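What follows is a set of notes on a single structure, which appears directly below.
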Amino acid sequence: MPGGEYVRYVALGDSQTEGLGDGDDTTGLRGWADRLAERLAVHHPGLRYANLAVRGRVAAEVHAGQLRPALGLRPDLATVVAGMNDLLRPRFDADETAGHLEAMFAGLTAAGARVATLTFPDVARITPLARPLSRRVDALNRRIRAAADRYGVVVAETAHHRVVTDQRLWSPDRLHAAPLGHERIAAAVAEALRLPGSDDSWALPLPPPDTPVAVGWRALGTELRWAGSFLGPWLGRRLRGRSSGDNRVAKRPELLPVAVPRDPLSP
């Protein structure tokens with residue numbers, strides 16, 4: 001629907017779409033989907049937007065808990081981004097995960113919505129300790145592309161661009177984008193949707209960092225501190241059968257008007 005009128009945008013997904021890393025639970029989360037909605041509202045003033053994403057959800061849970069409510073909102077635009085939580089599970093099944101994504105693509109496109117998704121970056125280039133996950137990321141990305149092609153789903157190809165693994169785009173936990181990262185994701189999806197004013201500048205590298213990148217023992221120390229601060233607590237929740245999304249509900253379950261900020265492109 002390039003050039004068409006978007007009236008109802010619904011976002012489905014997990015913590016990244018909910019907006020973790022861009023604001024907090026006290027002041028409110030913004031996130032890439034909110035930022036995309038703001039970009040859309042510049043050109044589609046009547047746009048209403050709902051965000052059904054909930055942190056901690058795997059693809060099966062997004063499918064089971066969000067597809068039916070999304071269809072009930074009759075979106076003409078929907079984004080579906082899930083699978084990263086699956087990648088982190090010991091028993092990851094790329095076919096099963098992609099199958100849930102494909103079912104959502106099928107349901108939403110059959111209802112007349114234009115659907116967009118994205119591919120995932122190589123997490124080993126963000127967190128060296130995650131190197132064993134690289135093959136999983138590649139396997140899931142290949143299946144996402146194939147499923148998207150079958151249903152005419154727009155894909156923002158973030159996986160191919162080196163900038164998406166620049167640590168300045170990521171929160172200290174390295175699992176969620178920082179505000180700048182969320183803005184880059186929104187810009188990538190906007191370009192994939194061919195929104196007016198969008199281009200590929202989101203993929204440009206950042207200027208050289210002010211401080212040199214840690215190497216050797218300093219780098220090892222950084223990794224160990226990250227593991228103690230973030231990886232350890234995450235593993236602890238998994239062992240206790242708990243999730244960061246327990247008792248959480250969608251932050252924006254109904255279609256509401258979008259307030260366009262003074263500068264919708266600002267981080």
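Note that the coordinates shown come from a computational prediction; the quantities given were computed from them, not determined experimentally.
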Would you mind checking if [Y] and [X] are paired as a salt bridge, meaning a charged N to carboxylate O distance below 4.0 Å?
X	Y	value
Glu38	Arg30	yes
Arg114	Asp76	no
Asp86	Arg57	no

Are [Y] and [X] connected in a single hydrophobic cluster, I mean Ile/Leu/Val/Met/Phe/Trp/Tyr linked by side-chain heavy atoms less than 4.5 Å apart?
X	Y	result
Leu77	Phe105	yes
Val58	Val62	no
Val155	Val163	no
Val153	Met104	yes

Counterpart residues, side-chain hydrogen bond (donor to acceptor under 3.5 Å, both in side chains), relative to [X] (two or more places apart):
X	result
Glu191	Trp202
Thr27	Asp24
Ser171	none

* Residues two or more places apart in sequence or in another chain: which of them pass ring-ring contact (aromatic ring centres under 6.0 Å, His included) with His63? ->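 ring-ring contact (aromatic ring centres under 6.0 Å, His included) list for His63, sorted by chain: His100.
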
* How would you list, by chain and number, every residue that makes a ring-ring contact (aromatic ring centres under 6.0 Å, His included) with Tyr9, sequence neighbours excluded? ->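 With sequence neighbours excluded, Tyr9 shows a ring-ring contact (aromatic ring centres under 6.0 Å, His included) to Tyr49, given in chain and number order.
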
* Can you find a heavy atom in the side chain of Ile144 that is under 4.5 Å from one in the side chain of Leu118? ->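 Sidechains of Leu118 and Ile144: no contact.
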
* **Check: Thr97 side chain, Ala94 main-chain N or O, donor-acceptor pair, under 3.5 Å** =>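 Looks like no, no N/O pair under 3.5 Å.
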
Considering only distance and modelled atom types, tabulate donor-acceptor pairs under 3.5 Å from the side chains of residues 65-75, sequence neighbours left out.
| unit_1 | atom_1 | unit_2 | atom_2 | d |
| --- | --- | --- | --- | --- |
| Gln66 | OE1 | Gly13 | N | 2.9 |
| Gln66 | NE2 | Gly13 | O | 3.0 |
| Gln66 | NE2 | Leu52 | O | 3.4 |

